[in-house]
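Quick notes on the structure that follows.
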Amino acid sequence: MQVSITVNGQPRTDEVEPRLLLAHYLREVRGLTATNIGCDTTSCGACTVVVDGLTVKSCTVLAVQTDGGQVTTLEGLAGPDGELHPVQRAFREEHGLQCGFCTPGMVMAAIGVLADNPDPSDREVREGLEGNLCRCTGYHNIVRAVQAAAKAGPAAGQVPQAQEVQA
């Protein structure tokens with residue numbers, strides 16, 4: 001089956017199996033390995049990406065379900081000059097990275113939290129990130145990073161528009 005999906009601003013049509021999960025499509029077909037697969041059951045959130053403005057766990061979305069859509073992964077957040085997205089910068093500055101396995105999903109989920117609520121409380125950040133697990137249990141710094149990113153303004157809750165990212 002053919003799918004036409006714009007990922008990080010790069011439109012492309014690929015032949016895929018109808019049962020191919022979006023997470024596997026991103027990693028194996030598009031070569032974008034920041035989207036981690038931790039559980040295959042939507043329990044951990046390591047595979048979180050943004051599809052048409054909404055955060056989704058790509059391990060339970062079929063690639064064909066995003067046909068004609070816009071997908072943004074962690075690789076698509078930094079500007080063409082390498083400038084980090086406000087959420088990426090906040091994660092680095094507030095030490096929200098831990099071992100890094102959950103980080104791509106946490107960053108993408110944080111963007112969703114900030115899109116829904118640009119000034120969340122500590123509790124609202126924790127509730128918004130439910131479903132994204134940090135096995136290092138570094139939640140305190142992650143929550144602090146999301147609140148620091150919120151200070152950057154509305155850009156923290158947005159994904160960049162149509163920018164090209166090389167795999």
Side-chain angles (χ1 to χ4, degrees), residues 1-91 100-118 120 125 127-135 142 146 149 152-167:
M1 172 171 219
Q2 276 195 340
V3 293
S4 297
I5 305 171
T6 299
V7 180
N8 299 332
Q10 290 185 314
R12 198 167 101 182
T13 299
D14 294 292
E15 191 72 31
V16 300
E17 290 286 326
R19 62 189 170 119
L20 182 67
L21 295 172
L22 179 59
H24 293 285
Y25 171 79
L26 293 169
R27 292 181 62 85
E28 297 160 16
V29 178
R30 299 297 286 259
L32 299 167
T33 56
T35 302
N36 290 320
I37 301 169
C39 67
D40 272 335
T41 61
T42 70
S43 296
C44 76
C47 65
T48 303
V49 298
V50 175
V51 176
D52 295 330
L54 299 173
T55 56
V56 301
K57 294 180 179 176
S58 63
C59 75
T60 53
V61 174
L62 297 172
V64 297
Q65 290 177 289
T66 61
D67 185 36
Q70 305 267 336
V71 177
T72 304
T73 69
L74 187 76
E75 290 97 335
L77 294 182
D81 59 353
E83 182 180 347
L84 297 178
H85 183 278
V87 175
Q88 289 176 302
R89 190 173 37 254
F91 266 69
F101 188 80
C102 73
T103 303
M106 285 288 187
V107 168
M108 301 311 286
I111 290 170
V113 168
L114 294 171
D116 292 341
N117 181 354
V125 170
E127 289 174 356
L129 294 178
E130 282 183 0
N132 284 72
L133 302 177
C134 171
R135 289 186 169 87
I142 291 170
V146 175
Q158 299 172 350
V159 293
Q161 298 293 317
Q163 92 184 10
E164 293 191 11
V165 177
Q166 298 299 317

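- Considering every non-hydrogen atom in both P86 and A152, the closest pair reads CB-CB, 3.7 Å.
- Minimum interatomic distance between R12 and V29 (heavy atoms only, all atoms of both residues): NH2-O, 3.0 Å.
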Could you please spell out the steps behind the side-chain contact (heavy atoms from CB on, under 4.5 Å) verdict for T72 and M108? CA-CA 9 Å; T72 304; M108 301 311 286; 4.2 Å; yes
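- Looking at S58, its side chain does come within 3.5 Å of a backbone N or O of C47 through a donor-acceptor pair.
- Here the closest heavy-atom approach between residue T60 and residue Q65 is recorded as O-OE1, 4.4 Å.
- Within the 4.5 Å cutoff, the side chain of L77 has heavy atoms near those of the P160 side chain.
- By the side-chain hydrogen bond (donor to acceptor under 3.5 Å, both in side chains) test, T33 is found to be paired with no residue, residues two or more places apart in sequence or in another chain being considered.
- At a threshold of 4.5 Å between non-hydrogen side-chain atoms, the residues T55 and I111 do not count as touching.
- Rounding to the nearest 0.5 Å gives a distance of 11.0 Å between CZ of R30 and CD of E75.
- Here the closest non-hydrogen pair linking T48 and A109 is CG2-N, 3.9 Å.
- Shown are L22, T41, T35, T42; of these, the side-chain contact (heavy atoms from CB on, under 4.5 Å) with C59 is made only by T42.
- Looking only at side-chain heavy atoms (C-beta outward), L21 and L62 come within less than 4.5 Å of each other.
- Side-chain contact check for P120 versus L114: some heavy-atom pair is nearer than 4.5 Å.
- For the pair H24 (side chain) and A63 (backbone), a donor-acceptor distance under 3.5 Å is absent.
- Closest approach of S43 and C39 over heavy atoms only: N-SG, 3.2 Å.
- Taking CD1 from I142 and SG from C102, the interatomic distance works out to 4.5 Å, rounded to the nearest 0.5 Å.
- Inter-residue side-chain proximity for C44 and R135 is flagged as met; some heavy-atom pair is nearer than 4.5 Å.
- Atom-to-atom distance recorded for N132:CG and T103:OG1 is 11.0 Å, nearest 0.5 angstrom.
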Tell me, with the steps shown, if L20 and M1 meet side-chain contact (heavy atoms from CB on, under 4.5 Å). CA-CA 10 Å; L20 182 67; M1 172 171 219; over 6 Å; no
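- Of the possible polar contacts, none joining the N36 side chain to the G38 backbone as a donor-acceptor pair under 3.5 Å is found.
- With hydrogens and angles disregarded, no donor-acceptor distance shorter than 3.5 Å links the side chain of Q2 to the backbone of T13.
- Between V87 and V146, every side-chain heavy-atom pair lies at or beyond the 4.5 Å cut-off.
- The side-chain heavy atoms of I5 and Y25, taken from C-beta on, include a pair separated by under 4.5 Å.
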